[in-house]
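Structure first, commentary second.
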Amino acid sequence: MSVHIGAKPNDIAETILLPGDPLRAKYIAETFLEGAVCYNEVRGMLGYTGTYKGKRVSVQGTGMGVPSISIYAQELMQSYGVKNLIRVGTCGAIQEDIKVRDVIIAMTSSTDSQVNRLRFQQIDFAPTASFELLHKAYQAAVQRNLSVKVGNVFTSDSFYRDSLDLYKQLAAYQVLAVEMETTALYTLAAKFKRNALSILTVSDHILTGEETTAEERQTTFNEMIEVALEAATAQS
Ligand SMILES: O=P(O)(O)O[C@H]1O[C@H](CO)[C@@H](O)[C@H]1O
Ligand SMILES: O=c1cc[nH]c(=O)[nH]1
């Protein structure tokens with residue numbers, strides 16, 4: 001086992017879905033995977049491995065924010081050899097033409113986190129998605145007639161904010177939405193030469209205050225998971 005994941009070496013598949021919420025990992029395993037077995041309960045950060053359309057896939061909760069996902073992503077790649085990591089999360093939209101329930105695929109991410117400034121001697125590293133995974137996910141979303149947007153997302157260290165000024169400025173620079181993990185996932189995937197992608201469902205609109213109901217979130221959420229699983233299982 002690694003420090004935070006209590007799995008044996010071959011318990012985790014090469015391809016993994018990463019929701020922030022560990023109970024979402026349980027839901028995904030029970031709803032979408034066949035023969036899912038729980039491999040991790042350390043700190044309640046549930047992880048499962050099963051199959052989707054005959055291909056081995058895992059799903060692991062990451063917790064919220066850059067420090068938490070950094071721990072899980074690094075251990076999954078370093079200790080368990082995970083190759084394809086697909087975050088399946090929620091986000092707050094900041095563009096007028098993006099609505100709640102839309103799906104966003106993060107091509108890159110901007111951030112207020114200092115982790116990469118510290119890592120790269122104060123330069124601005126540009127964390128980038130795997131083009132292959134992104135292409136497959138986009139195709140899967142279009143095939144399902146989903147409302148999907150691809151672009152820059154903002155990875156924030158803060159969920160609660162004092163002012164909307166920064167969000168309005170980021171929106172003017174074409175940033176699509178706000179979440180809390182993608183910068184770390186893409187940077188660590190680059191470090192370990194692996195493939196990463198963030199697929200996000202819009203759970204709320206930061207500028208208009210629009211929100212999804214719990215029921216609506218689940219339906220749209222299911223669509224996002226199917227897109228992620230199609231991209232994951234099309235991956236060589
Ligand atoms: O739904 P998840 O994957 O947790 O993602 C979003 O939700 C959390 C905040 O509520 C943050 O982790 C943010 O990135
Ligand atoms: O990180 C997040 C996720 C959803 N909505 C937000 O405002 N922030």
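Remember, it's 1-based here, ligands and their atoms both numbered in the order they're listed. Predicted, not measured: the structure shown is a model, and the values here were computed from it. Throughout, numbering of the chain's residues begins at 1 and tracks the sequence. We use all heavy atoms of the structure for the numbers below, so side chains are in, but hydrogens, waters and symmetry mates are not.
Remark: of the listed residues Leu85, Ile86, Leu197, Val88, Leu85 is the sole one forming a side-chain contact (heavy atoms from CB on, under 4.5 Å) with Leu18. Partner of Ser156 under the side chain to side chain donor-acceptor pair (under 3.5 Å) criterion, chosen from Thr111, Thr183, Asp112: Asp112.
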Worked verdict on Ser58 versus Thr49 for side-chain hydrogen bond (donor to acceptor under 3.5 Å, both in side chains):
CA-CA 4 Å; Ser58 295; Thr49 299; 2.6 Å; yes

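Within the structure, the ring-ring contact (aromatic ring centres under 6.0 Å, His included) test picks out the following pairs touching residues 83-130 (sequence neighbours left out): Phe120-Phe125. Listed by first and then second residue, the side-chain hydrogen bond (donor to acceptor under 3.5 Å, both in side chains) pairs that reach into residues 30-40 are Lys26-Glu30, Tyr39-Gln60, sequence neighbours excluded.
Using a cutoff of 4.0 Å between basic side-chain nitrogens and carboxylate oxygens, Asp11 and Lys8 are scored as salt-bridged. Ion pairing of Arg101 with Glu223 is absent here, as no side-chain N (NZ or NE/NH1/NH2) approaches a carboxylate O to less than 4.0 Å.
Closer than 4.0 angstrom to ligand 1 sit non-hydrogen atoms from Gly20, Arg24, Met64, Arg87, Gly89, Thr90, Phe159, Glu179, Met180, Glu181. In this structure, ligand 2 sits under 4.0 Å from heavy atoms belonging to Thr90, Cys91, Gly92, Phe159, Arg161, Val178, Glu179, Met180, Ser203, Asp204, Ile206.
Put simply, the side chain of Ser68 gets close to the backbone of Thr62: a donor and an acceptor are under 3.5 Å apart. No side-chain donor-acceptor contact under 3.5 Å links Thr90 to the backbone of Ser203.
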